[in-house]
Amino acid sequence: INKDLKRLADNRDFSHAYIFFGTEQTGKRRVALGLANYFERGNFGLPGGRPLNDARQIEPNPEKTIGIDVVRELKNFLSQKPNVSPYRSVIINDAEFLTPEAQNALLRLTEEPPPSSLLILVLRDPETLAPTLVSRFQKIYFGALQTPIVKTWLEKELNIEAKKAEEIAEISRGKPGLAEAMLSDKKEITQGMIGRA
């Protein structure tokens, strides 16, 4: 997926709106943020400690909703010209929590998208959203990866030693997000090994 997105980015051949969907911990958020970072800094990795100028991430509030006020704010953000990137990007994580009013406002935004805007919804299942809204987006599915791909990613991107990377890649069942979580919590690795026995 990264290679295809890089090619589209290099050719400036992007749609204005995408849905990244699939099971949890398969890299949807990481790829979305990596894409915004690639536009701005030429690197498909995570931006690190420095915030991006031309990208915003939206998360559900503590009540697990994303309301119409948030959509109005992101419309204002997207309507401004980018500073250093070819696009102003908004990533809405857990987009299934968009309220019906927010979805309607988002629909109007996608019908007349601001120039140089890119909107990415990250969620598990597009069917949780209104069909009229979903129809305005290009959809990219994220499934579990093969173990060797996760192992290589752990080695190259996270600088994990080969033997440990192989072990974690096998336990994570093709989910890079789970593999990354395991690195910060040895208990998860132990529990995963017990589950395989």
Side-chain angles (χ1 to χ4, degrees), residues 1-2 5 8-9 12 14-41 43-142 175-178 180-181:
I1 290 176
N2 285 11
L5 290 175
L8 291 172
R12 299 292 187 267
F14 260 80
S15 170
H16 66 277
Y18 288 86
I19 287 176
F20 289 3
F21 74 102
T23 56
E24 291 180 354
Q25 297 183 309
T26 50
K28 301 182 295 294
R29 294 178 188 218
R30 177 180 278 274
V31 170
L33 190 55
L35 179 60
N37 194 48
Y38 185 70
F39 282 134
E40 192 160 322
R41 298 175 183 160
N43 174 14
F44 216 104
L46 295 178
R50 292 185 302 144
L52 296 172
N53 288 299
D54 292 317
R56 296 288 182 273
Q57 280 198 92
I58 305 298
E59 304 282 350
N61 63 25
E63 287 73 40
K64 289 292 184 183
T65 63
I66 303 172
I68 191 170
D69 290 340
V70 173
V71 175
R72 288 172 178 155
E73 289 175 14
L74 71 85
K75 180 180 179 181
N76 179 58
F77 173 76
L78 290 173
S79 67
Q80 300 172 44
K81 289 184 178 180
N83 295 313
V84 293
S85 168
Y87 298 96
R88 282 221 140 186
S89 305
V90 168
I91 301 162
I92 301 181
N93 293 314
D94 297 321
E96 51 266 82
F97 293 112
L98 284 159
T99 65
E101 295 80 11
Q103 291 186 48
N104 286 333
L106 207 56
L107 176 61
R108 291 193 292 274
L109 178 61
T110 57
E111 288 173 341
E112 295 183 10
S116 303
S117 66
L118 175 63
L119 178 61
I120 301 174
L121 304 185
V122 177
L123 69 162
R124 293 183 64 181
D125 184 359
E127 292 188 6
T128 58
L129 301 177
T132 50
L133 177 61
V134 172
S135 69
R136 307 296 300 185
F137 288 77
Q138 300 285 328
K139 290 170 279 298
I140 298 178
Y141 173 71
F142 285 70
K175 296 182 176 183
L178 179 57
E180 189 172 17

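- Screening Y38, F39, F77 against Y87 for a ring pair (Phe, Tyr, Trp, His ring centres under 6.0 Å) leaves a single residue, F39.
- Side chains of K28 and T26 form a contact here, defined as non-hydrogen atoms less than 4.5 Å apart.
- Once rounded to the nearest 0.5 Å, the distance linking CD of E63 with CD1 of I66 reads 12.5 Å.
- Evaluated for a side chain to side chain contact (heavy atoms under 4.5 Å, CB included) with P82, the options P115, S116, S89 yield exactly one hit, S116.
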Q.
Could you walk me through whether F21 and F142 satisfy the ring pair (Phe, Tyr, Trp, His ring centres under 6.0 Å) test, starting with their C-alpha distance in whole Å, then the side-chain angles of each, then the deciding distance to 0.1 Å, before giving a yes or no?
A. CA-CA 6 Å; F21 74 102; F142 285 70; 8.4 Å; no

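- From I68, atom CD1 reaches atom CD of E73 across 11.5 Å, with rounding to the nearest 0.5 Å.
- Contacts of N104 classified as side chain to side chain donor-acceptor pair (under 3.5 Å), with partners at least two apart in sequence or in another chain: none.
- Looking at E40, its side chain never comes within 3.5 Å of a backbone N or O of L52 through a donor-acceptor pair.
- Under the 4.5 Å side-chain criterion, counting only non-hydrogen atoms from C-beta, F44 is in contact with V31.
- Taken from CG in N61 to OG1 in T65, the straight-line distance is 3.5 Å, to the nearest 0.5 Å.
- Taking all atoms of both residues into account, the shortest heavy-atom contact from A95 to L129 is O-CD2, 3.4 Å.
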Q) So R124 and E24, salt bridge (charged side-chain N to carboxylate O under 4.0 Å, His left out) or not? Walk me through it. A) CA-CA 7 Å; R124 293 183 64 181; E24 291 180 354; 3.7 Å; yes

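- Side-chain contact between E96 and D125: absent, with no pair of heavy atoms (C-beta onward) separated by less than 4.5 Å.
- Put simply, the residue from I91, L118, L119, L121 that forms a side chain to side chain contact (heavy atoms under 4.5 Å, CB included) with Y18 is L118.
- To the nearest 0.5 Å, the span separating CG on N83 from OG on S85 amounts to 9.5 Å.
- Taking 4.5 Å as the limit, some side-chain heavy atom of K139 sits within range of a side-chain heavy atom of V134.
- Around CD of E59, the count of heavy atoms belonging to other residues, nucleotides or ligands within 6.0 Å exceeds 12.
- Atoms CZ and CG, from R29 and N93 in turn, are 4.0 Å apart once rounded to the nearest 0.5 Å.
- Side-chain contact between Q80 and N76: present, with at least one pair of heavy atoms (C-beta onward) separated by less than 4.5 Å.
- Separation of atoms OG1 (T132) and CD (E111) is listed at 8.0 Å; rounding is to 0.5 Å.
- Scanning all heavy atoms of the two residues, the minimum distance from S117 to L78 falls at CB-CD2, 3.9 Å.
- Q138 places none of its side-chain heavy atoms less than 4.5 Å from the side chain of I19.
- Residues passing the salt bridge (Lys or Arg N to Asp or Glu O under 4.0 Å) test with R136: none are found, sequence neighbours excluded.
- A 4.5 Å side-chain heavy-atom check between I92 and I120 finds every atom pair outside the cut-off.
- The closest side-chain heavy-atom distance from T110 to H16 is below 4.5 Å.
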Q | Derivation and outcome, salt bridge (charged side-chain N to carboxylate O under 4.0 Å, His left out), residues R41 and D54 | A | CA-CA 11 Å; R41 298 175 183 160; D54 292 317; over 6 Å; no

